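Here is the structure we will look at.
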Amino acid sequence: MSQPSLKQKKKNEPGMKYSKESLDAEKRKDSDKSGARLSTQGSQELTVPKTDSGGYPVRNQWSRTSQSPLTRAPSVDEPRSRNTVVKAPNSSSTSLTSSASPSQHESPPLQELEKLVSPQNTQIQPTAVVESLPPTPPELDSRRYDPSDSSPHNLTRELRQDPRDLQLRDYAHSCDSQEGISKTREYPRTPPTEWKSYDQRRLQYSTSVKVDHDCMSEVQQWQRQQQEEDEVDEAYWSSVSMLYEKIPSCARPRPPKPKHAITIAVSSRALFNMVDDRKIYEDEGLEKYMEYQLTNENVILTPGPAFRFVKALQHVNSRLRELYPEEQDLFDIVLMTNNHAQVGVRLINSVNHYGLLIDRFCLTGGKSPIGYLKAYLTNLYLSADSEKVQEAIKEGIASATMFAGAKDMAYCDKQLRVAFDGDAVLFSDESEHIAKEHGLDKFFQHETLFENKPLAQGPLKGFLEDLGKLQKKFYAKDERLLCPLRTYLVTARSAASSGARVLKTLRRWGLEIDEALFLAGAPKGPILVKIRPHIFFDDQMFHIESAQKFGTTTAHVPYGIAQKHT
């Protein structure tokens, strides 16, 4: 600003303003303005910084007015005078001056500036509004609208909501305020005792509506097809459940745990009569044998020599379960054979046909099953193969070769009867050595001399202990006379000369024998016919053959010195 213009303004009267023509002339003259002046009631003018489109001042780094104290914001501590009026830069009462260059712009003296900013000359017009400021974005409020809240803050928040949401809310509010809907509508609920199935509820509605499958979409058709399949399945299972309800319950008892059970391993040829099958194997080979078994897998096998013995074992188990429902000391029969797995179907069909409770099978596929006997914790192994029996005897397992009787004999179905020979069966072959090498006289003298010395145990002593343990369970329930298990000692010894040592040995072992028969060398066949045992164990084949002629099921124990003289 030039100095002559300031002197000319000092001569003007106080409160005098520029006319409209002078303002327009100055605007045209100073096209490149850098600032504006504010007119006050005094004779001084105040430069106002240049503003942008938002109303904010634009600082010029070359202008000294940007560093003047006039552009700073008024302090809070400074008192404001009502006589001073601050107008907007766009107001018509503001005089606009500009300097073409920084050299032409001159700041007023310090005393004049102090007068301009004095409290007496400052007056802020409260009606000045900056219109170029950008609008403030609305605040987001996630709180739910409460119609009862009529506070200004709530009304402002309501205006900021989406108009469509407000219309929906007003419509819901008007519906709730109508007469007759003041309370929540209640629907009747079916009590749990009256719930019905889908088929029962479907009968209550009309099914006369015909569905046009052409108009249905693929999803609807799939849903309808799935619904029809579910209905068919439900009808099927309902019919099956009705069928099972009519069938009497025949609960199959669970097998005992192997560590508690008395395991009896039986071969397939000992349990069933497979003489013809064995002949096909020996004459035509393994492949023809396998083909024959697959062709006749639905043909039931006939009972073998150990069949009645296994049935009697199951009867003892049933009696024990009656007295002791949680009993685990039971007989557990295992079908152990060297047949292939393809033969297993026929064996399973035959076992189920006769109602035998045999759950564990061992099919070795041509290999010897002897290696599995100890793994199955076998107490007794019965087979029709004498070589496998000898292998088991060498492994320390009680074993015997089964022979069927030459004629049919009636067996007792309510009591298991087991007959044992003495020497080389229950006892060791110590006395047999003396009889075979030195004759009967030396044998009698030896037995009388060592009458109080117990005999050593034989291969089947452990099986006799197992039978005695089960007998004591029945004795504890006062079932001695009705015990389903009975043991016999059938020996060729003489009671007077050598019988005392046998009885004292059994007593020392803590075993009880129900019947002791001393035959003194007489044939055993006629006595066994009277006993009718399910199985008779002996170590000499001429006693086996004698008993077999009378129809007794026998089991040869290949143990002792008698095998060398046979």
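In this text the structure is predicted, and so the values were computed from the model without any measurement.
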Is any side-chain heavy atom of [X] closer than 4.5 Å to a side-chain heavy atom of [Y]?
X	Y	value
Pro255	Arg360	no
Leu320	Leu330	yes
His315	Lys311	no
Tyr354	Leu271	no
His340	Leu363	no
Tyr411	Arg417	no
Phe536	Ile531	no
Met402	Phe309	no

- Task: Return the orientation label for the Phe272 and Phe307 ring planes: parallel under 30°, perpendicular over 60°, tilted otherwise.
- Result: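 Tilted: the ring planes of Phe272 and Phe307 meet at 30° to 60°.
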- Query: Is the Lys NZ or Arg CZ of Arg480 less than 6.0 Å from the centre of Tyr475's six-membered ring, within 45° of the axis?
  - Reply: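 Satisfied, under 6.0 Å and within 45°.
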- Message: Applying side-chain contact (heavy atoms from CB on, under 4.5 Å) to Leu347 and Thr337, what does each step give before you reach the verdict?
- Response: CA-CA 10 Å; Leu347 295 176; Thr337 176; 4.3 Å; yes
Quick check: closest heavy atoms across [X] and [Y], and the distance to 0.1 Å?
X	Y	result
Asn338	Lys367	CB-O, 3.2 Å
Met409	Gly551	CE-O, 2.9 Å
Ser267	Ala384	OG-N, 3.6 Å
Ala400	Ala555	CB-CB, 3.5 Å
Ala419	Pro533	CB-CB, 4.1 Å
Tyr559	Asp539	O-CB, 3.9 Å

Taking [atom1] in [X] as the centre, count heavy atoms belonging to other residues, nucleotides or ligands within less than 6.0 Å. Is the count above 12?
X	atom1	value
Glu479	CD	yes
Asp233	CG	yes
Asp478	CG	no
Tyr372	OH	no

- Between Asn339 and Tyr281, a side-chain donor and acceptor under 3.5 Å: no
- Gln293 versus Arg346, side-chain donor and acceptor atoms under 3.5 Å: yes
Give a yes or no on whether the backbone of [Y] and the side-chain of [X] come within a donor-acceptor separation of less than 3.5 Å.
X	Y	value
Asn349	Glu297	yes
His534	Ala306	no
Asn317	Phe331	yes
Thr552	Phe550	no
Glu284	Tyr289	no
Ser350	Leu301	yes
Gln548	Thr554	no

Mind checking the [atom1]-[atom2] spacing from [X] to [Y]? Nearest 0.5 Å is all I need.
X	Y	atom1	atom2	answer
Lys259	Gln328	NZ	CD	9.0 Å
Met541	Thr401	CE	OG1	8.5 Å
Asp277	Tyr292	CG	OH	5.0 Å
Leu286	Ile280	CG	CD1	12.5 Å
Arg532	Thr553	CZ	OG1	12.5 Å
Leu373	Met336	CG	CE	5.0 Å

- Message: Going by side-chain hydrogen bond (donor to acceptor under 3.5 Å, both in side chains), name the residues that satisfy it together with Asp359, two or more places apart in sequence or in a different chain.
- Response: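 Listed in chain order: Arg252.
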Contacts under 3.5 angstrom, residues 460-472 side chains, donor-acceptor by atom type, not counting sequence neighbours:
residue : atom : partner : partner atom : Å
Lys461  : NZ   : Gln457  : OE1          : 3.4
Lys461  : NZ   : Glu465  : OE2          : 2.4
Asp466  : OD2  : Asn379  : ND2          : 3.4
Gln471  : NE2  : Leu485  : O            : 3.1
Gln471  : NE2  : Asp514  : OD2          : 2.8

- Message: Please evaluate residues Lys473 and Glu327 with respect to the criterion side-chain contact (heavy atoms from CB on, under 4.5 Å), reporting the C-alpha separation (whole Å), side-chain torsions for both, the decisive distance (0.1 Å), and the verdict.
- Response: CA-CA 10 Å; Lys473 292 181 179 294; Glu327 182 61 43; 3.4 Å; yes
- Message: Under the salt bridge (Lys or Arg N to Asp or Glu O under 4.0 Å) definition, can you give me all pairs with a residue in residues 369-382, not counting sequence neighbours?
- Response: Lys374-Glu395
- For the rings on His556 and Phe403, is their centre-to-centre separation under 6.0 Å?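 Between His556 and Phe403, the centre distance exceeds or equals 6.0 Å.
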- Message: Before you tell me yes or no, could you show the steps for Ile264 and Val310 under side-chain contact (heavy atoms from CB on, under 4.5 Å), namely the whole-Å CA-CA distance, both residues' side-chain angles and the distance that decides it to 0.1 Å?
- Response: CA-CA 9 Å; Ile264 310 297; Val310 171; 5.9 Å; no
- Message: Test salt bridge (charged side-chain N to carboxylate O under 4.0 Å, His left out) on Lys549 and Glu545; report intermediate values, then the result.
- Response: CA-CA 6 Å; Lys549 291 179 182 179; Glu545 294 172 357; over 6 Å; no
